[in-house]
Amino acid sequence: MRDKLLWILAAALTLFIALQLVHIYEYDLRYIASDIDKGVLWRLFSGHFIHSNWWHLALNAAGLVVCLSIFRDLENPALLPVLSLILAFLISAGLYYFYPYITWYLGFSGVLHGLFVIGAILELGLLGWAILLMMTVKVGWEITVGPIPGTESITGIHTIAEAHLLGAASGLVVGWIIRAIKKI
């Protein structure tokens, strides 16, 4: 089981680093709403897998390590990429339709919020409920008060709490769907 986790993390980190290098040296891969208006639909996905700087990438990679360490159901090598792409799409669609004033976005944190919520729903014991409560408090804080202190100084950009909210909300929907399918 541990070996599978290490391979998944190595693959995710390799993807993050490769896309980060492309983003820095070759091509802007951010979610950009005006490009989506023009039909550049790959931006619905790409912005979630790049970061503002290496510290931002490290922060999200550490979050992924924690998430996968807690929730064994997410260790499936086929499930994690599929969930990540589904969450990326749902978050981007939500940003595009519900928050048109957000003109660009980058980072894995919205997807990560969704993965934590999905993991919590699939676990749904004491730990699962505790994680759901913590995610609710965290996202509620970010939406009403502002970013968690210190986050923006690490990432070098403004925290887009709306992406965290959309990630958590998408995770709720996807998590309950998966849970229902597993019961069938």
**Asked** Linking I/L/V/M/F/W/Y whenever their side-chain heavy atoms sit closer than 4.5 Å, directly or via other members, would I177 and L132 fall into one cluster?
**Response** no
**Prompt:** What's the shortest heavy-atom distance between L44 and F89, and which atoms?
**Reply:** CD1-CE1, 3.8 Å
**Fill in**
Shortest non-hydrogen pair, N53 vs T155, comes out as ND2-O, 2.8 Å
**Request:** To the nearest 0.5 Å, tell me how far L85 CG sits from L90 CG.
**Result:** 11.0 Å
**Complete:** Between V139 and A168 the two heavy atoms that sit nearest each other are CG2-CB, 4.4 Å
**Complete:** One should read off an interatomic distance between L74 CG and L122 CG, to the nearest 0.5 angstrom, of 6.5 Å
**Prompt:** Going by the angle between their ring planes, with limits at 30° and 60°, are H51 and F16 parallel, tilted or perpendicular?
**Reply:** perpendicular
**Prompt:** W129 and V137: same hydrophobic cluster, using ILVMFWY side-chain contacts below 4.5 Å?
**Reply:** no
**Request:** Count the heavy atoms of every other residue, nucleotide or ligand shown that sit under 6.0 Å from CZ of F45, and state whether that count exceeds 12.
**Result:** yes
**Request:** Enumerate the residue pairs fulfilling side chain to side chain donor-acceptor pair (under 3.5 Å) with a member in residues 77-99, sequence neighbours excluded, ordered by first and then second residue.
**Result:** D37-Y96, H48-S92
**Prompt:** Atom CG of L79 and atom CD1 of I8: how far apart are they, to the nearest 0.5 Å?
**Reply:** 9.0 Å
**Prompt:** Nearest heavy-atom pair of E152 and P147: which atoms, and what distance?
**Reply:** OE2-CG, 3.3 Å
**Prompt:** Is there a donor-acceptor pair under 3.5 Å between the side chain of W104 and the backbone N or O of A33?
**Reply:** no
**Message:** Rounded to the nearest 0.5 Å, what separates atom CD1 in I86 from atom CD1 in I118?
**Reply:** 8.0 Å
**By salt bridge (charged side-chain N to carboxylate O under 4.0 Å, His left out) - contacts of E162 (at least two apart)** = none
**Request:** Please step through side chain to side chain contact (heavy atoms under 4.5 Å, CB included) for the pair L41 and I36, ending with a clear verdict.
**Result:** CA-CA 6 Å; L41 300 182; I36 294 167; 4.2 Å; yes
**Message:** Would you say that I178 contacts D73 through its side chain, given a criterion of any heavy-atom pair below 4.5 Å between the two side chains?
**Reply:** no
**Asked** Nearest 0.5 Å, what's the CG-CG distance between L13 and L9?
**Response** 8.0 Å
**Asked** For L29, does its backbone N or O pair with a side-chain atom of S46 as donor and acceptor, under 3.5 Å?
**Response** yes
**Message:** Nearest 0.5 angstrom please: I121 CD1 to I131 CD1, how far?
**Reply:** 12.0 Å
**Beyond-backbone contact of F71 with L115, side-chain heavy atoms, under 4.5 angstrom** = no
**Prompt:** Do the side chains of L133 and L124 join up, straight or via other hydrophobic residues, at under 4.5 Å, putting them in one cluster?
**Reply:** no
**Shared hydrophobic cluster, V111 / V173 (ILVMFWY, side-chain heavy atoms < 4.5 Å)** = no
**Message:** Determine whether L165 and E142 satisfy the following criterion, side chain to side chain contact (heavy atoms under 4.5 Å, CB included), listing intermediate values before the conclusion.
**Reply:** CA-CA 9 Å; L165 175 64; E142 290 176 331; over 6 Å; no
**Message:** Parallel, tilted or perpendicular: which one describes the rings of F49 and F108, with boundaries at 30° and 60°?
**Reply:** tilted
**Message:** Would a single hydrophobic cluster contain both I154 and I160, if residues Ile, Leu, Val, Met, Phe, Trp and Tyr are joined by side-chain heavy-atom contacts under 4.5 Å?
**Reply:** no
**Request:** Sequence neighbours left out, what pairs pass side chain to side chain donor-acceptor pair (under 3.5 Å) with at least one residue falling in residues 172-183?
**Result:** none
**Item:** Side chain to side chain, L112 and F116, heavy atoms closer than 4.5 Å
**Value:** yes
**CH2/W141: more than 12 non-hydrogen atoms of other groups inside 6.0 Å** = no
**Asked** Considering only heavy atoms from C-beta outward, does the side chain of Y31 approach that of I50 to under 4.5 Å?
**Response** no
**Asked** Side chain of S52, backbone of G156: donor and acceptor closer than 3.5 Å?
**Response** no
